[in-house]
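Written out below as structure tokens is the structure these notes cover.
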Amino acid sequence: QVQLVESGGGLVQAGGSLRLSCVASRGTFSDYGMGWFRQSPGKEREFVALVSTNGANTYYRDSVKGRFTISRDNAKNTLYLQMSDLKPEDTAVYYCARRVGSGTYDDLLKYSDWGQGTPVTVSS
């Protein structure tokens, strides 16, 4: 089992930027695809982005394409989410997770070892 710890969240004005980090311990980080999800109050957790094991392939939900960039540093066991041009609707708790199944990349059931989350608040 992999332990994941997110950081980097905070309060930012609309149009601003933040970089989230997710550090993994235990297990072999480079063996797994890694994803970012988010959850707003009263809403279901939703997929944000996925990166393949070597970082060569990335996938995003439509609403963040062109604004968010997912990346990873396998030497540091760290996953990143660079967020730019943030909007109030990006406000949520952001979670990282390890991909453990194949198929639809936005299916929460295909992920495991969720971190505790880091909150992001975007003010208008």
Side-chain angles (χ1 to χ4, degrees):
Q1 186 174 359
V2 176
Q3 184 176 17
L4 302 172
V5 178
E6 302 96 335
S7 64
L11 174 64
V12 64
Q13 290 188 332
S17 299
L18 281 174
R19 188 176 81 157
L20 306 183
S21 298
C22 168
V23 178
S25 60
R26 306 179 195 156
T28 305
F29 180 71
S30 58
D31 282 351
Y32 304 100
M34 294 293 298
W36 284 102
F37 290 75
R38 65 187 182 187
Q39 187 168 18
S40 304
K43 295 186 178 181
E44 294 185 351
R45 192 169 298 189
E46 63 183 18
F47 170 81
V48 175
L50 166 68
V51 62
S52 60
T53 54
N54 62 1
N57 297 302
T58 56
Y59 307 87
Y60 300 91
R61 70 179 298 106
D62 287 345
S63 62
V64 308
K65 286 180 180 177
R67 299 189 298 120
F68 290 12
T69 301
I70 187 172
S71 62
R72 64 191 299 163
D73 185 337
N74 287 340
K76 296 182 179 180
N77 289 348
T78 303
L79 174 73
Y80 302 101
L81 184 68
Q82 178 67 48
M83 305 186 295
S84 303
D85 189 22
L86 282 161
K87 305 178 186 300
E89 52 264 41
D90 295 319
T91 295
V93 177
Y94 283 72
Y95 301 87
C96 61
R98 178 173 66 98
R99 183 166 170 80
V100 296
S102 59
T104 308
Y105 55 79
D106 57 353
D107 183 353
L108 274 71
L109 297 179
K110 304 298 185 184
Y111 294 83
S112 181
D113 303 326
W114 297 85
Q116 84 291 344
T118 186
V120 172
T121 302
V122 184
S123 63
S124 57

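To the nearest 0.5 Å, atom OH of residue Tyr80 and atom CH2 of residue Trp36 are 10.5 Å apart. Put simply, CZ on Arg72 and OG1 on Thr58 are 12.0 Å apart, with the number rounded to the nearest 0.5 Å. Here the CD atom belonging to Gln82 is positioned 8.5 Å from the CG atom belonging to Leu18, to the nearest 0.5 angstrom. Interatomic distance, Met34 CE to Asn77 CG, rounded to the nearest 0.5 Å: 9.5 Å.
When all heavy atoms are compared, the tightest approach of Thr91 to Val122 is OG1-N, 2.9 Å. Residues Phe29 and Ala24 approach most closely at CD1-CB, 3.4 Å, considering heavy atoms. Of all non-hydrogen atoms in Gln1 and Arg26, the two that sit nearest each other are O-CB, 3.3 Å. When all heavy atoms are compared, the tightest approach of Ser17 to Asp85 is OG-N, 4.3 Å.
Judged by distance alone, the side chain of Arg61 and the main-chain N or O of Phe47 form a donor-acceptor pair under 3.5 Å. In terms of modelled atom types and a separation under 3.5 Å, the side chain of Tyr111 and the main chain of Tyr105 share a donor-acceptor contact. Judged by distance alone, with hydrogens and angles left aside, the side-chain atoms of Tyr94 form no donor-acceptor pair with the main-chain N or O of Gly8 at under 3.5 Å. Side-chain atoms of Asn57 never come within 3.5 Å of backbone atoms of Leu50 as a donor-acceptor pair (strictly under, hydrogens ignored). Checking side-chain atoms of Glu6 against main-chain N and O of Gln116 turns up a donor-acceptor pair under 3.5 Å.
Within the 4.5 Å cutoff, side-chain heavy atoms of Arg38 are placed close to those of Val64. Residues Met83 and Val12 fail the side-chain proximity criterion, which asks for heavy atoms closer than 4.5 Å.
Between the side chains of Tyr32 and Arg99, no donor-acceptor pair is found at a separation under 3.5 Å. Of the N and O atoms on the side chains of Asp73 and Ser71, not one donor lies less than 3.5 Å from an acceptor on the other residue.
Centroid-to-centroid, the aromatic rings of Trp114 and Phe37 come within less than 6.0 Å.
Of the residues Val51, Leu20, Asn74, the one that meets the side chain to side chain contact (heavy atoms under 4.5 Å, CB included) test with Leu79 is Val51.
Classification of Arg67 and Asp90 as a salt-bridged pair holds, one side-chain N sitting under 4.0 Å from a carboxylate O.
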